Visitor: 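This is the structure, below, for whatever I ask next.
Heavy atoms only: backbone and side chains are in, while hydrogens, waters and symmetry mates are out. Predicted, not measured: the structure shown is a model, and the values here were computed from it.
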Amino acid sequence: MEFRIDRTAFAEAVGRSVRALPARTPVPVLGGLLLEADAGRLAATGFDFEAAVRVEAEAEIAVPGRVLVLGRRLLDVCRVLPDGPVSCALEASRFTVEADGTRFGLSTLPLAEYPALPAAPTPYGTVDAAAFATAVAQVAVAAGRDDTLPLLTGVQLRLEGGEMTLSASDRYRYAVRRLEWQPGAAAEGVVEALLPSRRLLDVARSLGRCGDVVIGWDPAGGGGLIGFEGGPTRTALRLLDGRLPAYKSLFDMAGAAVAEVECEGLAEAVRRVAVVAEANSPVRLDFSAEGSVMLRAGFGDDVAAQGASDGSPWRKERRSVRALGVPGGRPRSGATWPFVRCGESACRASRRRGDPSEAP
């Protein structure tokens with residue numbers, strides 16, 4: 001095996017495919033990156049049974065072949081290589097990387113012990129890459145982080161007609177995002193898949209500038225895999241078992257009071273008062289009939305508030321909040337799931353018991 005490739009393209013292919021490798025594994029070959037050189041293309045593949053990432057790049061192939069090397073070690077090498085062409089070759093059981101007088105030699109892993117890679121799912125439809133990346137980022141924040149409850153660490157993807165729906169919940173909040181997608185000729189019926197949120201978020205970010213993302217799905221089951229392909233990158237994710245609870249009743253807003261707040265202003269206000277709040281402590285929002293909202297957080301001596309009555313030290317801040325145009329009205333009594341909507345995104349958060357201390 002011998003090939004020549006531009007350093008930037010080589011580093012990008014290695015860097016993207018290494019993301020699929022496990023941080024720690026009792027199986028040494030799963031820490032390896034599979035390099036395949038043939039027909040003017042170099043393919044780098046990372047695999048850990050939960051995800052497979054394959055990235056291709058153009059290269060000058062002198063001798064086609066395959067080699068398995070430690071992925072993160074190769075990435076470290078790529079980061080320090082000088083710009084320009086890189087020459088790589090397999091010499092007996094050693095993989096050499098050379099560029100502008102700099103030469104590295106890496107030991108190889110046994111190819112015979114490397115597991116068989118899953119077949120790529122059948123193309124099922126396409127979605128705009130930028131819109132998909134934005135939607136996944138908006139929903140993934142509501143996914144759980146507790147690996148002892150794997151169901152709640154996922155993002156549920158639903159495909160029906162020309163609409164894609166993404167949803168996630170950690171029991172305390174529920175986020176839902178809808179966007180358009182283009183079903184392919186093979187698309188039929190309704191597809192529901194529960195995907196690991198961290199994996200899906202990483203995939204969406206890496207494909208965010210690819211124009212369109214091709215979604216792969218095998219209607220017959222496909223071994224529990226769903227695929228995403230954009231540009232030179234192709235990823236397959238293994239599905240989680242189960243499905244999230246239904247959320248329609250949570251977003252039933254019949255007869256509820258509604259307050260509209262400018263997103264950036266509300267986010268800035270929350271960031272300010274959260275300085276004195278603990279990680280899981282509540283932030284209280286009080287809506288007045290005058291068209292303003294008061295945010296409070298903290299307990300004991302450490303408290304903060306955004307907005308107050310005229311003449312107080314918070315007067316300037318309150319005017320900026322009032323300019324957001326919050327209509328009068330208070331949340332209905334007994335509402336335990338306040339509703340937040342921004343554009344096409346919607347989220348409900350479980351209301352915490354107990355009120356933050358009053359601001360001085």
Visitor: Do Val86 and Val18 land in one hydrophobic cluster if side-chain heavy atoms of ILVMFWY residues count as linked below 4.5 Å?
Guide: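 Yes, Val86 connects to Val18 through the hydrophobic network.
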Visitor: Indicate the atoms forming the closest heavy-atom contact of Leu244 with Ser167, along with that distance.
Guide: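 Where Leu244 meets Ser167 most closely, the heavy atoms are CD1-O, 3.6 Å.
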Visitor: Test side-chain contact (heavy atoms from CB on, under 4.5 Å) on Val127 and Phe228 and set out the steps.
Guide: CA-CA 10 Å; Val127 64; Phe228 301 92; over 6 Å; no
Visitor: So which atom in Ala142 and which in Arg173 form the shortest heavy-atom distance, rounded to 0.1 Å?
Guide: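 That would be CA-NE, 3.6 Å.
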Visitor: Under the salt bridge (charged side-chain N to carboxylate O under 4.0 Å, His left out) rule, what do Asp76 and Arg79 come out as? Steps first, then yes or no, please.
Guide: CA-CA 5 Å; Asp76 291 338; Arg79 287 170 174 167; 3.6 Å; yes
Visitor: If you compare all heavy atoms of Trp181 against all heavy atoms of Gly125, which two are closest, and at what distance to 0.1 Å?
Guide: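 Scanning both residues completely, I find the closest heavy atoms to be CZ3-CA, 3.4 Å.
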Visitor: Using a strict cut-off of less than 4.0 Å between a Lys/Arg side-chain nitrogen and an Asp/Glu carboxylate oxygen, indicate whether Arg199 and Asp202 qualify as a salt bridge.
Guide: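 A salt bridge is absent here (no side-chain N lies under 4.0 Å from a carboxylate O).
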Visitor: One pair to check against side-chain contact (heavy atoms from CB on, under 4.5 Å): Leu151 and Leu240. What are the steps and the verdict?
Guide: CA-CA 7 Å; Leu151 174 70; Leu240 297 174; over 6 Å; no
Visitor: Taking CD in Glu163 as the centre, count heavy atoms belonging to other residues, nucleotides or ligands within less than 6.0 Å. Is the count above 12?
Guide: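 Yes, the 6.0 Å shell around CD holds more than 12 heavy atoms from other groups.
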Visitor: Just verifying a value: how many Å separate Tyr124 OH and Ile226 CD1, rounded to the nearest 0.5 Å?
Guide: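 Result: 10.0 Å between the selected atoms.
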Visitor: Could you tell me if Ser206 and Arg16 have a donor-acceptor pair between their side chains, going purely by distance under 3.5 Å?
Guide: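 No - no donor-acceptor pair under 3.5 Å links their side chains.
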Visitor: Where is the tightest heavy-atom contact between Ala37 and Ile61, given as atom of each residue plus distance?
Guide: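 Closest pair (atom of Ala37, atom of Ile61, distance): CB-CD1, 3.6 Å.
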Visitor: Tell me, with the steps shown, if Leu21 and Arg72 meet side-chain contact (heavy atoms from CB on, under 4.5 Å).
Guide: CA-CA 8 Å; Leu21 302 183; Arg72 288 188 169 80; 3.6 Å; yes
Visitor: At what distance, to the nearest 0.5 angstrom, does OG of Ser197 lie from CG of Leu152?
Guide: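 Going from the OG atom of Ser197 to the CG atom of Leu152 covers 10.5 Å.
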Visitor: May I ask whether Phe287 and Val273 are part of the same hydrophobic cluster, defined by side-chain heavy atoms of I, L, V, M, F, W, Y residues being less than 4.5 angstrom apart, directly or through others?
Guide: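 Yes, Phe287 and Val273 fall within the same hydrophobic cluster.
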Visitor: With a 4.5 Å cut-off on side-chain heavy-atom distances among I, L, V, M, F, W and Y, is there a chain of contacts connecting Leu201 to Leu239?
Guide: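 Linked within one cluster.
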Visitor: Can you tell me how far CD of Glu12 sits from OG of Ser17, rounded to the nearest 0.5 angstrom?
Guide: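 Reported value, rounded in 0.5 Å steps: 10.5 Å.
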Visitor: Check each of Val29, Leu68, Leu109 against Leu34 using the side-chain contact (heavy atoms from CB on, under 4.5 Å) test, and report the only one that passes.
Guide: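 Checked Val29, Leu68, Leu109 against Leu34; only one passes side-chain contact (heavy atoms from CB on, under 4.5 Å): Leu68.
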Visitor: Indicate the atoms forming the closest heavy-atom contact of Asp218 with Pro121, along with that distance.
Guide: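 So the minimum-distance heavy-atom pair works out to N-CB, 4.4 Å.
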Visitor: Is there side-chain contact between Pro82 and Thr102, with heavy atoms separated by less than 4.5 Å?
Guide: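 Yes - at least one pair of side-chain heavy atoms lies under 4.5 Å apart.
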Visitor: For atom CG of Asp241, is the number of surrounding heavy atoms from other residues, nucleotides or ligands below 6.0 Å larger than 12?
Guide: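 Not buried by this count: 12 neighbours or fewer within 6.0 Å.
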Visitor: Flag the pair Arg54 and Glu36 as a salt bridge only when some basic side-chain nitrogen lies within less than 4.0 angstrom of an acidic carboxylate oxygen.
Guide: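 A salt bridge links Arg54 with Glu36.
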Visitor: Are Leu266 and Leu295 close enough that some pair of their side-chain heavy atoms sits under 4.5 Å apart?
Guide: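 The answer is yes, as the side chains (C-beta and beyond) meet within the 4.5 Å cut-off.
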Visitor: Hey, could you give me the OG1/CD1 distance between Thr122 and Ile215, rounded to the nearest 0.5 Å?
Guide: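 Here the interatomic distance stands at 13.5 Å.
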Visitor: So which heavy atom on Pro118 is nearest to which on Leu225, and how close?
Guide: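 Heavy atoms only, the tightest pair is CB-CD1, 3.4 Å.
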Visitor: What do you reckon, is CD of Glu192 surrounded by more than 12 foreign heavy atoms closer than 6.0 Å?
Guide: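 Count over threshold, so yes.
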Visitor: Near Arg7 CZ, under 6.0 Å, is it more than 12 heavy atoms from other residues, nucleotides or ligands?
Guide: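 Yes - once you tally the heavy atoms of other residues, nucleotides and ligands closer than 6.0 Å, there are more than 12.
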Visitor: Mind checking whether Leu106 and Leu70 have side chains closer than 4.5 Å, heavy atoms only?
Guide: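 Not in contact.
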Visitor: Would you say Pro22 and Phe49 make side-chain contact, with heavy atoms under 4.5 Å?
Guide: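 The answer is no, as the side chains (C-beta and beyond) never meet within the 4.5 Å cut-off.
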Visitor: Check this for me: does any side-chain nitrogen of one of Arg238 and Glu50 sit under 4.0 Å from a carboxylate oxygen of the other?
Guide: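 Glu50 and Arg238: not salt-bridged.
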Visitor: Hey, is the main chain of Ser93 close enough, under 3.5 Å, to the side chain of Thr108 for a donor-acceptor pair?
Guide: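 Yes; at least one donor-acceptor contact below 3.5 Å.
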Visitor: In terms of hydrophobic clusters joined by side-chain contacts under 4.5 Å, are Leu42 and Val69 together?
Guide: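 Yes, Leu42 and Val69 fall within the same hydrophobic cluster.
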Visitor: Does any non-hydrogen side-chain atom of Thr96 lie less than 4.5 Å from one of Arg103?
Guide: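 A side-chain contact under 4.5 Å exists here.
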Visitor: Would you compute the distance between atom CG of Leu207 and atom CZ of Arg205 and round it to the nearest 0.5 angstrom?
Guide: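 One gets 12.5 Å once the value is rounded to the nearest 0.5 Å.
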Visitor: Give the cluster check for Leu81 versus Val55: same hydrophobic cluster or not, with ILVMFWY residues linked at side-chain heavy-atom distances below 4.5 Å.
Guide: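 In one cluster with Leu81: Val55, no.
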Visitor: With rounding to the nearest 0.5 angstrom, report the SG to CZ distance, Cys78 to Phe104.
Guide: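 Rounded to the nearest 0.5 Å, the SG-CZ separation comes out at 9.5 Å.
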Visitor: Do Thr233 and Val53 touch side chain to side chain, with heavy atoms closer than 4.5 Å?
Guide: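 Side chain of Thr233 against side chain of Val53, heavy atoms only: contact under 4.5 Å found.
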Visitor: Just so I know, are the side chains of Tyr247 and Ser169 near enough to count as touching, which here means a heavy-atom distance under 4.5 Å?
Guide: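 Tyr247 does not reach Ser169 side chain to side chain.
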Visitor: Evaluate whether atom CD of Glu58 has more than 12 neighbouring non-hydrogen atoms of other residues, nucleotides or ligands under 6.0 angstrom away.
Guide: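 No, CD of Glu58 has 12 or fewer neighbouring heavy atoms, counting only those of other groups under 6.0 Å.
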Visitor: Applying the side-chain contact (heavy atoms from CB on, under 4.5 Å) test to Phe132, which of Asp212, Thr126, Leu200 qualifies?
Guide: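 Among Asp212, Thr126, Leu200, the one meeting side-chain contact (heavy atoms from CB on, under 4.5 Å) with Phe132 is Leu200.
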Visitor: Compare all side-chain heavy atoms of Phe95 with those of Val77 and state whether any distance is below 4.5 angstrom.
Guide: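 No, side chains not in contact.
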